[in-house]
S.K.: 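Here's a structure for you.
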Amino acid sequence: MKQRELRLARAFSLIEILIVMVVLIVIAAYLLPHYLGGKTLYGKKVRAPITMARDTVCQSNIQQVRQSLEINKTTDAEGGYPADLASLKLPAECLKCEVGGEAYVYDPQTGKVHCPHPGHENY
């Protein structure tokens, strides 16, 4: 009889397991909007980490294109910008937005490059 009582004392009860499951579900329900994005939390729209990472890649691509344009301008005999972005000979993935896939808009007169994707106007 003592051995059976000892064995029962070491095992988890159904109530303890259910309490742990409820706590885990509450934590998951709180953290899920942070990782999936699109929900409003504390009056602010939450963006998914993957979306923020793609935005950062877009910013980095634009910065690389701008640096390539400046290098091309300083090494050019006439000191002008190239006619198009293809003449920079950058990889194709550097010439388009990571989020929307749109090609970057380039003005050869001013040498300005920007992303046409909604929300990326300030890049």
Side-chain angles (χ1 to χ4, degrees):
M1 183 83 167
K2 267 190 162 193
Q3 188 177 19
R4 182 171 182 191
E5 289 174 9
L6 187 61
R7 189 173 43 159
L8 287 176
R10 280 192 253 161
F12 288 111
S13 71
L14 182 61
I15 300 298
E16 289 171 328
I17 293 173
L18 288 176
I19 290 173
V20 169
M21 288 180 63
V22 166
V23 168
L24 290 175
I25 289 171
V26 168
I27 291 172
Y30 176 74
L31 293 178
L32 203 58
H34 292 284
Y35 290 106
L36 295 180
K39 304 258 179 173
T40 304
L41 188 64
Y42 305 119
K44 213 165 110 177
K45 188 172 180 183
V46 178
R47 293 178 23 197
I50 191 73
T51 305
M52 292 188 294
R54 288 186 177 140
D55 289 346
T56 304
V57 170
C58 181
Q59 288 175 339
S60 175
N61 286 347
I62 288 180
Q63 191 63 31
Q64 289 177 19
V65 170
R66 288 177 181 154
Q67 287 175 351
S68 296
L69 285 169
E70 288 304 315
I71 290 171
N72 193 325
K73 181 183 176 188
T74 57
T75 58
D76 188 30
E78 299 165 2
Y81 291 107
D84 59 353
L85 293 178
S87 62
L88 294 175
K89 297 182 178 150
L90 291 172
E93 59 268 5
C94 287
L95 301 176
K96 63 181 182 177
C97 179
E98 179 71 19
V99 178
E102 302 100 338
Y104 294 136
V105 178
Y106 169 61
D107 182 13
Q109 301 298 325
T110 62
K112 302 237 183 225
V113 179
H114 69 277
C115 182
H117 188 75
H120 292 188
E121 292 87 12
N122 296 328
Y123 293 176

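Atom set for the values below is all heavy atoms of this structure, side chains included, hydrogens, waters and symmetry mates excluded.
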S.K.: What pairs meet the salt bridge (charged side-chain N to carboxylate O under 4.0 Å, His left out) rule with one or both residues in residues 54-72, with sequence neighbours excluded?
M.R.: R47-D55
S.K.: Can a donor-acceptor pair be found, under 3.5 Å and without considering hydrogens, that links the side chain of E16 to the backbone of L14?
M.R.: no
S.K.: Flag yes if V23 and L31 sit in one hydrophobic cluster, no otherwise; membership is Ile, Leu, Val, Met, Phe, Trp, Tyr, and two members link when side-chain heavy atoms are under 4.5 Å apart.
M.R.: yes
S.K.: In this structure, are over 12 heavy atoms from other groups packed under 6.0 Å from N122 atom CG?
M.R.: no
S.K.: State, to 0.1 Å, how close C115 and H120 come at their nearest heavy-atom pair, and which atoms those are.
M.R.: SG-ND1, 3.5 Å
S.K.: Using a cut-off of 6.0 Å, state whether more than 12 heavy atoms not belonging to M52 lie near its atom CE.
M.R.: yes
S.K.: Please check: side-chain N/O of S60 versus main-chain N/O of T56, any donor-acceptor pairing under 3.5 Å?
M.R.: no
S.K.: Mind listing the closest non-hydrogen atom pair of E93 and N61 along with its distance?
M.R.: O-ND2, 3.3 Å
S.K.: Does L88 sit in a hydrophobic cluster with other residues, and if so which ones, taking ILVMFWY side chains as linked at heavy-atom separations under 4.5 Å, directly or through other members?
M.R.: I62, V65, L69, Y81, L85, L90, L95, Y104, Y106, V113, Y123
S.K.: Within a strict 4.5 Å, meaning less than it, do heavy atoms of the H117 and C58 side chains meet?
M.R.: no
